[in-house]
Amino acid sequence: MKLSVWTYEGPPHVGAMRVATGMTGLHFVLHAPQGDTYADLLFTMIERRDHRPPVTYTTFQARDLGSDTANLFRTACLDAVERFDPQAIIVGSSCTAELIQDDPGGMSETMGLAIPAIPLELPSYQRKENFGADETFLQIVRALAEPMERSEAISCNILGPTALGFRHRDDVAEITGLLREMGIAVNVAAPMGSSPADIRRLGAAHFNVLLYPETAESAARWCEKTLGQPYTKPIPIGAGATRDFIGEVQALAGTDAAPDATRLRQPWWAASVDSTYLTGKRVFLFGDATHVKAAARVARDEMGFEVVGLGCYNREFARDIRALGKEFGLTPLISDDYLEVETAIAEAAPEMILGTQMERHIGKRLGIPCAVISAPVHVQDFPARYSPQMGFEGANVLFDTWVHPLVMGLEEHLLAMFREDFEFNDAAGPSHHGGHSPRPQDEAPAVEAAAEEGSMPSEAAPTGGEVIWLDDAERELRKIPFFVRGKARRNTEAFAASRGIGRISIDTLYEAKAHYAR
Amino acid sequence: MSDLPAPPAVGCRTAPVLRERGQREVFCGLTGIIWLHRKMQDAFFLVVGSRTCAHLLQSAAGVMIFAEPRFGTAILEETDLAGMADAQDELDREVARLLERRPDIRQLFLVGSCPSEVIKIDLSKAAERLSAAHAPHVRVLNYSGSGIETTFTEGEDACLAAMVPALEATEARELVIVGALPDVVEDQALSLLAAMGIGPVRCLPARRAAEDPAVGPNTVYALTQPFLGATHEALSRRGARHIPAPMPFGEEGTTRWLRAVADEFDVPDDVFERVTAAPRDRARRAVAAQAETLRGRSLFLFPDSQLEPPLARFLTRECGMTAIEVGSPFLHRDVIGPDLDLLAEGPVISEGQDVDLQLERCRAARPDLTVCGLGLANPLEAEGMTTKWAIELVFTPVHFYEQAGDLAGLFARPMRRKQALGLEAAE
């Protein structure tokens, strides 16, 4: 039993719904009680989908238990097939139905349906949403795809996009365009946008482009083994990774055709002098492993940031993130407990967070700006405009998105010069944000704030109580702009501790500043 | 009530009911925690459930309200499913840890979920044990918000019903207002009752555990929500007496509700008039402004919160709408009887749901306004229908006089918006 307030991932059947809702001609019969229908609104509200997800919930109640739930499943299944006339169905259980062990998969196989019924094993008490999506897509592909003759012209499949995915809609468009410019046709993009009939012809492609390992790596591996299709490993997020991706596609396709790179503006935007102020900005990265891996590279190599902390919430990819941590000289945080993440961020005192909607909230509390780089998604992650994360346009989008929460270069200087201006001060936040700027959490250590606001910080919260700040030093510290104040406080305390200084004066503060200035 | 139609000769109390049993498109009772934890300022709601429960609470809240979430989910894991002894020990440990972190908590609700009900974790036993362990500082109660037993607002009903046996006994003649109202609304109701000289008045739930009402044979109570059937029964069992009345929605509902309470306390007519005249007039004017948009329009209510029958009464009688279908997850006749009496016969009254069949009826009827859950709203809008999503009705102050105009406005706004965007012309 584990106490949780907010979660990064839903249960595995929500992952299965993301696959089903992205597809056409497929119906999901979910053995579940009535309350589980809440999941529909994730799609209709957050993603603003104009159709109900293709899911039939058997809606069993307490009085059905022990008598009739299996029959309820049978009826719901037959009704759904008749009403929605799908090309195939997937069947599975939500957490409660898993406990009553009706075996919907087995039942659907004996019902004599004229269409394929694909059973899903979704262990709700061990696994989570990403696993559910990955497993569901794998089972659909296994059930329907077969080795077949390759298309005459060179072609590939795009694997991984789902409903409710972080920018999947635009990533697929961007990568499809990029491949087109290289003379490569997309045979099928799946699961989102495909039908069971499309899945049957996956084998016609020469290779696969895997965009989201979280939701399609198992299927990509199966296709490699069974259909003989190699798949791409670099995830084209950021300019460098996009170039790597193009290189790998060229090798797989046996072509040297390259896409038009003139629309890639990000490298010049980062190199132009206006961006100098971005140098060494201390960023903390958290999200799903794939996006964090990509963002770490972009942050360090393409934005000139300093990565001071990183981690992911999906344990399935812990090994990758550990390797990444090693590369960056950091101990990665592998956790789906947002309180742990909050503590880690508070300790690292970054100038910016690149995270999920959860970290956006953490940033709000700690007064740290945050740009969102990964699921879990929020209605704001489905912008009306074209806004991919991948490919050349994706690199441009990353630049804009990451810079937006920050105080801009000259403004930063002015804030430092005139620290006590009553209207133009750092507490007001970036001038281009109006009333929505993050409020600096003044001097209270973040973890204490967490306790005050009532969530449940984990035990052993470090409060830095060993050294004492003298009043004038404390006042001086407050004059330092909020976006570097945390760093200054930490450095000064570390400096004091290393010298055995118990009371921090103004002198200690500036001694420390000189010590850390390189 | 001069400009309102006379009560119908035949209302819907005895109308035939279309009972349906099929796929539902509703929340489970856990959802009530979203507003209950704000209302009871020293209570914590601990759901014993699965990742799905935690995900529901996060999603139903719409936004993650990070400040002060006085709720959480003890997520069952593989190891908990193996043996029951484990689950009880684990629960003790989690609760002890929680209460240590939150010394401000005075009431803890252990909330049962679908999985905890199916594997039969005995939460009442746990509540008893934990109450003894943490008394007198914390009172531990339990109820079920599971989707196999409760639909949406029934969670609040189950919670309040669980509180009733634990209330102190009294012989005093007191009025209890039952239902978790927004503080501002509760204050308005209390001040109207005080102005009529009615008192003492208590609220269930109170904002703090120490202020919970006592109950006994001289207690009378009035319900402010139509879904409080189990609480109603529990209070009756304690000897308290129910004051039947229409729900206090709109000018008419509020006046009739107050009148029923005033009659119980022998408030003279002139006092009643003096206290209610001004707010009644304000409410009437505020509703009239919104009713311009609603008058003559047809209405289809999907089952969601059990608020549907009283709302249909308000929208037909005070806003001039025509009801085509009034769906409700359940009809507690002894609670909403007075509302059904006022609802003119005509609409289909349906109980329960088979969502695909109901969608077919709705599409065939092409109502001007459809009230439905969040899962259905956008898909219906995409078909050209105008919808009001129902959850807002339980998340917004809508009771009593000063909110009557706001309540009508909730229904008028989607229609005005459609006009403003010029979408109607495009159809």
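In what follows, chains are A, B, ... by sequence order, proteins preceding strands, each numbered from 1.
The distance from atom OG1 of A/Thr59 to atom CD of B/Gln23, rounded to the nearest 0.5 Å, is 5.0 Å. Within the model, atoms CD of B/Glu77 and OG of A/Ser124 stand 12.5 Å from one another, a figure rounded to the nearest 0.5 Å. Taking CG from B/Leu376 and CG from A/Asp40, the interatomic distance works out to 7.5 Å, rounded to the nearest 0.5 Å.
Ion pair B/Glu360/A/Arg83 flagged as a salt bridge, since at least one NZ, NE, NH1 or NH2 atom sits closer than 4.0 Å to an Asp/Glu carboxylate oxygen. Contact check on A/Lys2 versus B/Asp80 returns no salt bridge, with no Lys/Arg side-chain nitrogen under 4.0 Å from an Asp/Glu carboxylate oxygen.
Residues A/Tyr38 and B/Val26 form no side-chain contact, since every pair of their non-hydrogen atoms from C-beta on lies 4.5 Å or further apart. Using a 4.5 Å cut-off on side-chain heavy atoms (C-beta onward), A/Leu99 and B/Pro115 make contact.
No donor-acceptor distance shorter than 3.5 angstrom exists from the side chain of B/Asn378 to the backbone of A/Arg49, with no hydrogens or angles considered. Judged purely by atom type and a 3.5 angstrom limit, A/Ser4 has no side-chain atom pairing as donor or acceptor with the backbone of B/Ile75. Remark: side-chain polar atoms of A/Gln34 are paired, donor with acceptor, to backbone N or O of B/Gly147 under 3.5 angstrom.
Residue B/Glu117: no heavy atom, backbone or side chain, is found under 4.5 Å from chain A. Of the atoms belonging to A/Leu72, it is side-chain heavy atoms, and not backbone ones, that fall under 4.5 Å from chain B.
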Kindly determine whether A/Asp64 and B/Arg21 satisfy salt bridge (charged side-chain N to carboxylate O under 4.0 Å, His left out), including the steps that lead there.
CA-CA 12 Å; A/Asp64 304 317; B/Arg21 174 74 213 278; 2.7 Å; yes

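Interface check for chain A: of the options B/Thr31, B/Val118, B/Val48, B/Leu46, the most heavy-atom pairs under 4.5 Å are formed by B/Val118. Between chain A and the residues B/Cys53, B/Gly375, B/Ala382, the largest count of heavy-atom pairs under 4.5 Å involves B/Gly375.
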